[in-house]
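For reference, the structure is listed below as structure tokens.
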Amino acid sequence: MPELPEVEVVRRGLLPHVIGRRIERVEILDARTARRQAGGPHALVADLTGARVDALVRRGKFLWWRLSDPERAEGSVGTDVAEAGGPGPQVALMTHLGMSGQLRVRSDGGSGASTVPADTAVSEGPASDPRRHRRATLHLDDGTQIDFLDQRLFGGLWTSALAPTADGHPAGEGSPDALLPVDAAHIARDLLDPAANLPAIARRLRTRTASIASLLLAQGLVSGIGNIYAAEGLWAARAHPDTPGAMLSQVRAHRILRETAAVMRRALDVGGTSFDALYVNVDGRSGYFARSLAAYGREGEPCPRCGRGIVRFQRQGRSCFVCPACQRLSRG
DNA sequence: CGGGCCCTGGAT
DNA sequence: ATCCAGGGCCCG
């Protein structure tokens, strides 16, 4: 499912297609996609129509589009970035992929053909049909269309006002300044954020009684980690998911964070993970990291480190995958 | 801080 | 027909 590396792949893929473009028209095909929008789908359309896209920013799994209003910012083209005051309250378009969301680029008038040459398109499955589960479309001023597809409707689009970050650092990957959407203010910095302080996060993990797995998934101390990368990071650090945060040494807590970051970087290098063809990049193609998973989804298969069978169990309605030999609770 | 909920569709 | 997958929010 889309976690930090997959969302970053989408952000990078989208960038050349949307930066500097104006949103001319917005279609909302399923109102539930605008569930988090104050004022509902009509307000979302009103906020977006006519706006120009200035930046694409990601923190954790949240991806937002920095927007400006060209009408109001007239005459300041090229030098408007650091203008004092600025033109009124700015909003960002928030996009979250949830479980099954995709952002796909199309450049034609709606025949369904991809911008990608036919020989590079994926073979089969839901991801190969660019019209299936389409929930919204942004029509840009150069004819490009950005489709938001979402089979399970856990994702969404909505607008959120900007406010300064607490630490004065840039809000996230791709952020031109320290302005953060208020709807992402409760989301911690992620492990690939240069402003993230891993030793400090490790110290905070150690003040908590909850299990390390639930802390990694909670987004409040560190963001961007979902069930796949939690499983992989804990496996790499030889830590059991049930270990209480307070039972971890500083060295060990720090190591879990570093290993999880390393796994994410490797995934990013190969275009993200896809183990069920639900996740794809903006071209509709999937990444190649699934073949590198050591624990997640590998119940009964040998641990790549010691050969023991990977064991699966449930925690809080989610599956955990561990090597019973490498990842012991008593290791602390 | 754990549990329920939202959702759909593929597997059983 | 039923179960299962899970990110994030809301509830107690």
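Residue numbers begin at 1 in each chain, while the letters A, B, ... track the order of the sequences.
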Nearest whole Å is fine: how far is [N] [atom2] from [X] [atom1]?
X      : N     : atom1 : atom2 : result
A/M99  : B/dG9 : CE    : C1'   : 11 Å
A/F154 : B/dT8 : CZ    : C1'   : 8 Å
A/D242 : B/dC1 : CG    : P     : 15 Å
A/I212 : B/dC1 : CD1   : P     : 12 Å
A/R135 : B/dC6 : CZ    : P     : 17 Å
A/R152 : B/dC5 : CZ    : P     : 19 Å
A/R315 : B/dG2 : CZ    : P     : 11 Å
A/L221 : B/dC1 : CG    : C1'   : 13 Å

Exercise for the section: Scan side-chain atoms only and decide if A/Q37 and A/T159 contain a donor-acceptor pair under the 3.5 Å cut-off. Expected result: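 Result is yes, a qualifying pair exists.
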Handout entry: Pair A/T49, A/E24: side-chain N/O donor-acceptor within cut-off below 3.5 Å
Key =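 No pair is found: no donor N or O on one side chain lies under 3.5 Å from an acceptor on the other.
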Practice task
On DNA chain B, check which nucleotide each of A/R318 and A/S214 is closest to and give me the residue with the more 5' one.
Solution key: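 Taking each residue's closest nucleotide, the earlier one in sequence belongs to A/S214.
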Exercise for the section: Determine the minimum heavy-atom distance between A/R59 and A/T165, stating which atoms define it. Expected result: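 Closest pair (atom of A/R59, atom of A/T165, distance): NH2-CG2, 4.2 Å.
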Exercise for the section: Using the heavy-atom set of chain A and a strict 4.0 Å cut-off, write down the first and last nucleotide of DNA chain C that makes it in, 5' to 3'. Expected result: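 The contacted stretch runs from C/dA5 to C/dC9.
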Problem - Expected output: side-chain A/Q90 to main-chain A/R66 donor-acceptor under 3.5 Å - result: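 A pair under 3.5 Å: no.
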Exercise for the section: Applying side chain to side chain contact (heavy atoms under 4.5 Å, CB included) between A/V18 and each of A/L56, A/L103, A/T144, report the one that passes. Expected result: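 Of A/L56, A/L103, A/T144, side chain to side chain contact (heavy atoms under 4.5 Å, CB included) with A/V18 is met by A/L56 alone.
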Check: residues 208-218 of chain A side-chain donor-acceptor pairs under 3.5 Å, at least two apart:
residue	atom	partner	partner atom	Å
A/S211	OG	A/S214	N	3.2
A/S211	OG	A/S214	OG	3.1
A/S214	OG	A/S211	O	2.9

Handout entry: Distance test, side-chain N/O of A/R208 to OP1/OP2 of B/dC1, below 4.0 Å
Key =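 Answer is yes, contact under 4.0 Å.
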